[in-house]
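Structure incoming, see below.
For the numbers below, each heavy atom of this structure counts, side chains included, while hydrogens, waters and symmetry mates do not. Numbers restart at 1 for each chain; the letters A, B, ... are given by sequence-line order, proteins then strands.
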Amino acid sequence: MLTVKYISRNRDSVVKLLSVRNFDAAGIVDEIISVDSEKRDLQTRMESLKASLNSKSKEIGVLFRQGKTGEAQAAKEQTGIMKEEIKGLSAKLNELEERLAGLLVQLPNIPHESVPAGEGADDNVKVRGGGEVVKPAGEGVPHWDLARKYDIIDFELGNKITGSGFPLYKGKGALMQRAMISFFLEEAIKAGYTEYAPPLMVNEDSGFGTGQLPDKEGQMYHVQEDNLFLIPTAEVPLTNIFRGDIINSRDLPLKITAYTPCFRREAGSYGKDVRGLNRLHQFDKVEIVQIQHPDRSYESLEEMTSYIESLVKRLGLPYRILLLCGGDTGFAAAKTYDFEVFAAAQEKWLEVSSVSNFGSFQAKRLKLRCRDEGEKKTMIAHTLNGSALALPRVLAAILENNQTPEGIRVPEALVPYTGFEIIV
RNA sequence: GGAGAGGUGGCCGAGCGGUCUAAGGCGCACGCCUGGAAAGCGUGUAUACCUCGAAAGGGUAUCGCGGGUUCGAAUCCCGCCUUCUCCGCCA
């Protein structure tokens with residue numbers, strides 16, 4: 001969420017920068033500015049009225065204590081009119097505040113100046129890549145067939161138990177999951193992240209804090225009876241740990257990580273894209289989160305990107321890093337890099353990580369602030385997060401790229417965690 | 001799920017209709033004292049918003065959250081959340 005102050009002071013540049021997203025903000029921005037000025041005008045009037053009511057009340061108290069009940073009664077009469085007027089102003093003020101809040105949540109984050117304009121995936125910019133994109137030995141079997149052949153994932157049974165998009169991992173398939181989780185967590189800890197095991201359901205406040213609510217509740221499973229949401233990513237509980245906090249700048253950045261299952265309703269999924277592990281309703285992911293000083297968040301974004309790159313490299317997967325264009329950058333993000341690995345049999349790039357700097361957008365909603373040593377004023381902190389990594393597509397790429405006539409070769413980095421080198 | 005007791009500043013803790021502008025203590029910061037430190041003494045120590053301003057200042061709100069009563073609410077009433085104790089259920 002952008003602050004009204006920022007919008008008012010930078011009206012033209014806000015509109016211009018949001019156009020990088022193909023978002024026409026002019027109407028909303030102007031309405032925000034006018035509603036805000038009306039609101040402040042009203043607030044000033046109401047507060048001065050309240051001030052005189054408060055002092056009048058104090059006088060009445062003094063009169064009563066002095067036993068001058070007559071005078072006190074007379075003074076009480078005067079307060080009636082003031083109270084009515086305050087009531088009216090306050091109702092109007094509430095209405096304006098709600099309108100303002102409703103307008104503010106409609107504005108997406110302002111993209112960083114380095115974000116290219118563009119409408120969709122085609123306009124994303126490749127930053128760099130690595131690894132050899134080669135056709136695997138043999139016929140290049142897609143991972144869903146390999147999963148069946150080696151009996152490590154059962155999609156039909158998952159379907160039977162729950163529904164499509166809920167695979168059942170079995171034997172070495174389940175172990176591969178566990179190995180990846182351990183590997184990713186251990187690496188994150190080595191990189192200075194503190195591990196958490198957060199709740200998998202969150203309340204409305206948390207959903208609002210990170211930007212899933214309002215409007216995007218469609219992507220989350222909702223437990224109606226308790227009004228809780230299954231997390232679509234660990235980003236939600238992890239970032240909300242710090243909701244409402246004021247952090248001493250010397251303690252920044254806060255670096256935290258967690259493994260969690262993630263649940264996504266993914267309303268608009270169809271076709272080949274959802275075959276096998278490509279897109280699921282439930283999947284496992286290790287997430288990294290940073291809370292950073294506003295002056296240093298873009299350094300953190302690069303640092304996180306390099307860290308994620310190191311993971312992909314160690315898995316030996318061909319990868320590319322994309323800088324998302326304005327149109328493809330998520331609502332709450334200011335700048336996002338996507339990581340894709342190449343799945344040799346499908347001959348497709350699969351997104352395995354997305355790392356974003358949200359700037360002050362989430363922190364504003366979270367009331368997450370920091371304060372420099374010796375300063376009185378607080379600043380809105382910056383939040384960042386990234387997948388490190390999402391498991392299913394990594395597994396898909398490993399299966400497809402590492403297939404050999406003898407079996408599936410396990411990446412060396414994972415062997416200490418799996419205890420086997422090949423899936424036969 | 002049932003019964004009872006609580007939720008007050010960074011922390012502990014008093015207050016239970018009007019000098020609450022929230023006592024007192026701890027912690028923290030600065031100053032005095034000291035060769036240096038401790039102790040002692042003094043001063044200060046929340047957040048958001050509004051207004052005017054270079055700053056200082058002034059105003060409003062916040063005692064778990066949301067409503068209500070009242071000229072006036074930390075204090076009274078209603079709803080919710082949450083913590084603890086006991087009971088029930090349970091991996």
Which base sits across from B:rC41 as a Watson-Crick or G-U pair, both distances under 3.5 Å?
B:rG31
Ignoring hydrogens and geometry beyond distance, is a side-chain donor-acceptor pair present between A:S354 and A:D338 at under 3.5 Å?
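Present: a donor and an acceptor within the cut-off.
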By the Watson-Crick or G-U definition, both distances under 3.5 Å, B:rC90 is matched with none
Less than 4.0 angstrom between a side-chain N/O of A:R40 and OP1 or OP2 of B:rU51, yes or no?
yes
For B:rC16, give its Watson-Crick or G-U wobble partner with both distances under 3.5 Å, or none.
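Partner of B:rC16: none found under 3.5 Å.
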Can you tell me how far P in B:rA46 sits from the matching atom in B:rC41, rounded to whole Å?
23 Å
Inter-nucleotide P distance (B:rC78, B:rC26), Å rounded:
39 Å
When you measure from the centre of the six-membered ring of A:F283, is the NZ or CZ of A:R264 closer than 6.0 Å and no more than 45° off the axis?
no
Spacing between A:N54 atom CG and B:rG72 atom P, to the nearest angstrom
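Checked: the CG to P distance equals 9 Å.
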Taking atom P in both B:rA14 and B:rG64, compute the distance separating them and give it to the nearest angstrom.
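So the two P atoms sit 14 Å from each other.
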Between B:rG7 and B:rC12, how far apart are the two P atoms, rounded to whole Å?
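Pairwise P distance, B:rG7 against B:rC12, rounds to 12 Å.
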Euclidean distance for C1', B:rG58 against B:rG67 (whole angstrom)
31 Å
Taking only the side-chain heavy atoms of A:T378 (C-beta and beyond), determine which of B:rU47, B:rC71, B:rC50 contains the nearest atom.
B:rU47
Mapping A:G80 and A:K58 to their closest nucleotides on RNA chain B, which lands nearer the 5' end?
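With A:G80 and A:K58 compared, the 5'-side residue is A:K58.
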Partner lookup for B:rA61, please. Criteria are Watson-Crick or G-U wobble with both distances under 3.5 angstrom; report none if nothing qualifies.
B:rU47
Hunt down the Watson-Crick or G-U wobble partner of B:rU69, both distances under 3.5 Å, from any strand shown, or write none.
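Paired with no nucleotide.
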Can you check whether A:R369 has a side-chain N or O nearer than 4.0 Å to OP1 or OP2 of B:rA48?
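Yes, such a contact exists.
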Tell me the interatomic distance from A:K377, atom NZ, to B:rA55, atom C1', rounded to whole angstroms.
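The answer, rounded to whole Å, is 14 Å.
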For A:I152 and A:I423, work out which heavy atoms get closest and say how close.
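Minimum heavy-atom contact is CG2-CG2, 4.1 Å.
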Could you state the CD-P distance from A:Q43 to B:rA48, rounded to the nearest angstrom?
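Result: 15 Å.
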So does A:K376 get a side-chain nitrogen or oxygen closer than 4.0 Å to the phosphate oxygens (OP1/OP2) of B:rU45?
no
Restricting to non-hydrogen atoms, name the atom on A:Y307 and the atom on A:I288 that form the minimum distance, rounded to 0.1 Å.
CD2-CD1, 3.8 Å
Centroid separation under 6.0 Å, is that true for the rings of A:H112 and A:Y298?
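Centroid distance A:Y298-A:H112: below 6.0 Å, so yes.
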Please report the distance, rounded to the nearest Å, between CD in A:E47 and C1' in B:rU51.
9 Å
Do we get A:K313 above A:Y319's six-membered ring, with its NZ or CZ under 6.0 Å from the centre and within 45° of the axis?
no
Euclidean distance, atom CG of residue A:N248 to atom P of B:rU47 [Å, nearest integer]:
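Between P of B:rU47 and CG of A:N248: 13 Å.
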Rounding to the closest angstrom, what is the interatomic distance between B:rG15 and B:rG24 at atom C1'?
11 Å
Protein-nucleotide distance (A:L49, atom CG; B:rC50, atom C1'), rounded to Å
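Between C1' of B:rC50 and CG of A:L49: 15 Å.
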Can you figure out which of B:rU21, B:rA61, B:rU51 approaches the side chain of A:K50 most closely?
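Of all the options, the side chain of A:K50 is nearest to B:rA61.
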Distance between P atoms of B:rC50 and B:rU43 (Å, rounded)
34 Å
Complementary nucleotide for B:rA55 - Watson-Crick or wobble, under 3.5 Å:
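Answer to the pairing question: none, since B:rA55 forms no Watson-Crick or G-U pair.
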Considering all heavy atoms, the nearest A:L238-A:T257 contact
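Taking A:L238 first and A:T257 second, the nearest heavy atoms are CD1-C, 4.1 Å.
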Expressed in angstrom and rounded to an integer, what is the separation of A:K39 atom NZ from B:rU60 atom C1'?
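Those two atoms, NZ and C1', are 12 Å apart.
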Out of B:rC50, B:rU21, B:rC71, minimum distance to the side chain of A:S57 belongs to B:rC71
Pick the C1' atom in B:rG13 and in B:rU8, then give their distance to the nearest Å.
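It works out to 9 Å between them.
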Presence of A:R371 side-chain N/O under 4.0 Å of B:rU47 phosphate oxygens OP1/OP2:
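Answer is yes, contact under 4.0 Å.
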Which is more 5' along RNA chain B, the nucleotide nearest A:L53 or the one nearest A:D36? Just name the residue.
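Looking at RNA chain B, the more 5' nearest nucleotide goes with A:D36.
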Strand partner of B:rG7, provided both Watson-Crick or wobble distances fall under 3.5 Å
B:rC81
Mind calculating the distance between CE (A:M46) and C1' (B:rU60) to the nearest angstrom?
7 Å
